[in-house]
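Remarks on the structure that follows.
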Amino acid sequence: MSQMKLKKFLLRYYPPGIILQYERDGVAKQKPIDLLDLTPDVDIEVLLSQIIRQEPLISENRRPALRQLIERLIAKMQEPQHQNFQLFKVLRAHILPLTNCAFNKSGDRFITGSYDRTCKVWDTYTGQDMHTLEGHKNVVYAIAFNNPYGDKIVTGSFDKTCKLWDAYTGQLYYTLKGHQTEIVCLSFNPQSTIIATGSMDNTAKLWDVETGTERCTLQGHRAEIVSLGFNTGGDLIITGSFDHDSRIWDVRTGQCVHVLSGHRGEVSSTQFNYSGTLCVSGSIDCTSRLWDVRSGRCLSVKQGHTDEVLDVAFDSTGAKFVSASADGSARVYNTMTGVCQHILIGHEGEISKVAFNPQGTRVITASSDKTCRLWDTDLGECLQVLEGHTDEIFSCAFNYEGDFVITGSKDNTCRIWKAETAAKPATPSLWHGIGRAHARGSTGGREKLHRAAGAWPCVAGAWPCGAGAWPCGAGAWPCVAGAWPCAAGAWPCVAEAWPCVAGAWPCVAGAWPCGG
């Protein structure tokens with residue numbers, strides 16, 4: 001009979017949850033307890049009893065520690081909302097228009113893609129151009145970090161190729177070749193072991209991150225694939241196509257699980273909710289549709305927009321979703337009831353991008369009217385207009401804490417906006433060193449990238465490493481004689497200080513890697 005032993009609790013702020021680090025027959029594993037419905041007015045003792053009753057790893061004597069974690073999650077929810085975003089930096093990012101921008105998980109770095117055939121890596125806090133990723137022979141259209149790890153970047157281009165890069169050094173790992181036409185969408189799976197690319201050749205492909213080789217081709221769409229994304233577990237992927245359909249695929253086999261038919265126009269955007277039970281699609285038929293993932297059945301059709309729906313998004317818990325339209329409005333829906341809670345009106349041009357902040361309390365919309373708007377999701381009111389770009393804005397994103405925003409425009413600039421309540425950077429240089437060490441690795445060659453189960457930097461964004469995994473050899477991190485940062489009793493060389501005991505670095509709000 002297998003033996004399981006709980007080792008650590010780890011916090012995840014967005015969406016709220018607790019990660020259990022445990023050993024099973026000597027092998028380090030992790031298991032999430034999702035608390036997607038957690039609210040400040042929850043009866044903590046009832047919730048504790050429910051968790052202890054349902055989770056065999058947690059015994060009654062763990063109740064005090066578990067209570068403390070839930071109290072911290074609630075305290076996080078009750079922190080003041082970030083507001084009054086001020087222009088922090090204007091980056092003359094590229095010589096030709098931008099195509100996209102994206103944060104890493106911690107928000108201390110972001111990337112921009114451009115028609116100038118490059119991707120640039122930026123330091124959020126200084127505005128410094130860290131690396132220029134060169135090599136594509138046409139427009140760099142789709143870009144992504146391998147969040148939550150943030151040590152790799154993938155770029156997809158109109159040159160039909162995809163490239164995998166080291167986020168810290170700018171080194172090219174692989175060029176992924178196989179598509180017949182332009183690559184227009186891509187994504188890492190949450191475990192950072194697979195890259196998915198979608199192309200105008202009507203196919204999507206899955207690639208192995210460790211080897212740079214093609215795993216399989218997802219065939220079945222009859223027109224261009226313009227949207228794709230993995231579920232949280234990484235075992236399913238959704239694709240949206242100009243053939244009016246979306247499809248859900250089994251990542252392991254490459255087989256189509258469901259064809260989501262019903263739209264009467266091209267599908268523009270798709271996304272899973274966090275739990276992976278639902279997905280949403282938006283279409284140029286002016287509607288969005290909510291689907292049941294298990295059955296593939298359409299649960300509801302959201303009407304009301306008078307022009308194409310260009311983007312859709314869930315909040316971090318999946319409690320709400322939003323649609324953005326060429327009619328200049330966005331609509332916020334309650335996922336469970338299907339009710340349209342708010343119509344966000346104010347833009348004077350189409351909205352091409354929409355996103356929730358991590359807390360789910362704000363929505364940002366990017367428009368061809370050269371502005372972004374911040375909206376209160378509870379009241380449906382516009383809180384702020386971010387002005388200054390001189391051409392249409394097509395990309396916008398919040399960082400992990402929700403206190404920084406980046407906007408990308410056809411005016412060739414990227415703007416960084418900082419909330420007046422933004423915290424100071426949380427010692428980014430400390431975990432940059434960790435990331436670089438991981439990128440170099442100790443395996444030689446082109447790395448073994450997150451291959452071993454439980455190896456750093458651990459699945460689901462949770463830290464720390466399994467027994468013996470990098471860099472926890474001999475049970476210590478990394479406290480061999482004289483090794484950083486253990487000089488003269490420096491952190492973390494005290495018993496049980498590492499990792500993630502109450503208050504120990506890096507488990508402060510928003511700090512890597514225990515902020516979620």
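- Residues meeting the side-chain contact (heavy atoms from CB on, under 4.5 Å) test with Cys372, sequence neighbours left out: Ile364, Ala366, Leu386, Ile393, Cys396, Thr407.
- Pairing each heavy atom of His263 with each of His244, the nearest pair is CB-O, 3.4 Å.
- Here Lys89 pairs with nothing under the salt bridge (Lys or Arg N to Asp or Glu O under 4.0 Å) rule; sequence neighbours left out.
- Residue pairs meeting the side-chain hydrogen bond (donor to acceptor under 3.5 Å, both in side chains) criterion with at least one partner in residues 223-234, sequence neighbours excluded, are Ser227-Thr270, Asn231-Asp235.
- Pairs passing the salt bridge (charged side-chain N to carboxylate O under 4.0 Å, His left out) check and including a residue from residues 374-399, sequence neighbours excluded, read Arg362-Asp376, Glu392-Lys410.
- Remark: Ser275 pairs with Leu36, Asn273, Thr277 by the side-chain contact (heavy atoms from CB on, under 4.5 Å) rule, at least two apart or across chains.
- Leu260 and Gly296 make their closest contact through CD2-O, 3.6 Å (heavy atoms, listed as atom of the first residue, atom of the second, distance).
- Residues satisfying the salt bridge (Lys or Arg N to Asp or Glu O under 4.0 Å) criterion with Asp37, sequence neighbours excluded, are absent altogether.
- Across Leu172 and Leu164, no two heavy atoms sit closer than the pair CD1-O, 3.4 Å.
- Side-chain contact between Ile406 and Phe103 is present, with at least one heavy-atom pair separated by less than 4.5 Å.
- Partners of Glu350 by side-chain contact (heavy atoms from CB on, under 4.5 Å), not counting sequence neighbours, listed by chain and number: Leu310, Ala326, Ser368.
- Residues in residues 252-277 take part in no salt bridge (charged side-chain N to carboxylate O under 4.0 Å, His left out) pair, two or more places apart or across chains.
- Between the side chains of Thr124 and Asp108, no donor-acceptor pair is found at a separation under 3.5 Å.
- Taken from CG in Asp208 to SG in Cys216, the straight-line distance is 11.0 Å, to the nearest 0.5 Å.
- Of all heavy-atom pairs between Ile225 and Val184, the closest is O-CG2, 3.2 Å.
- Applying the ring-ring contact (aromatic ring centres under 6.0 Å, His included) test to pairs two or more places apart or on separate chains, those with a residue in residues 295-347 are Phe314-Phe321, Phe321-Tyr333.
- In terms of the salt bridge (Lys or Arg N to Asp or Glu O under 4.0 Å) criterion, Glu134 has no residue partners (sequence neighbours excluded).
- By the side-chain contact (heavy atoms from CB on, under 4.5 Å) test, Ser269 is found to be paired with Asp311, Val312, residues two or more places apart in sequence or in another chain being considered.
- Around NZ of Lys353, the count of heavy atoms belonging to other residues, nucleotides or ligands within 6.0 Å does not exceed 12.
- Sorted by first and then second residue, the salt bridge (charged side-chain N to carboxylate O under 4.0 Å, His left out) pairs involving residues 322-348 (not counting sequence neighbours) form an empty list.
- You'll find the ring centres of Phe356 and Phe398 outside the 6.0 Å limit.
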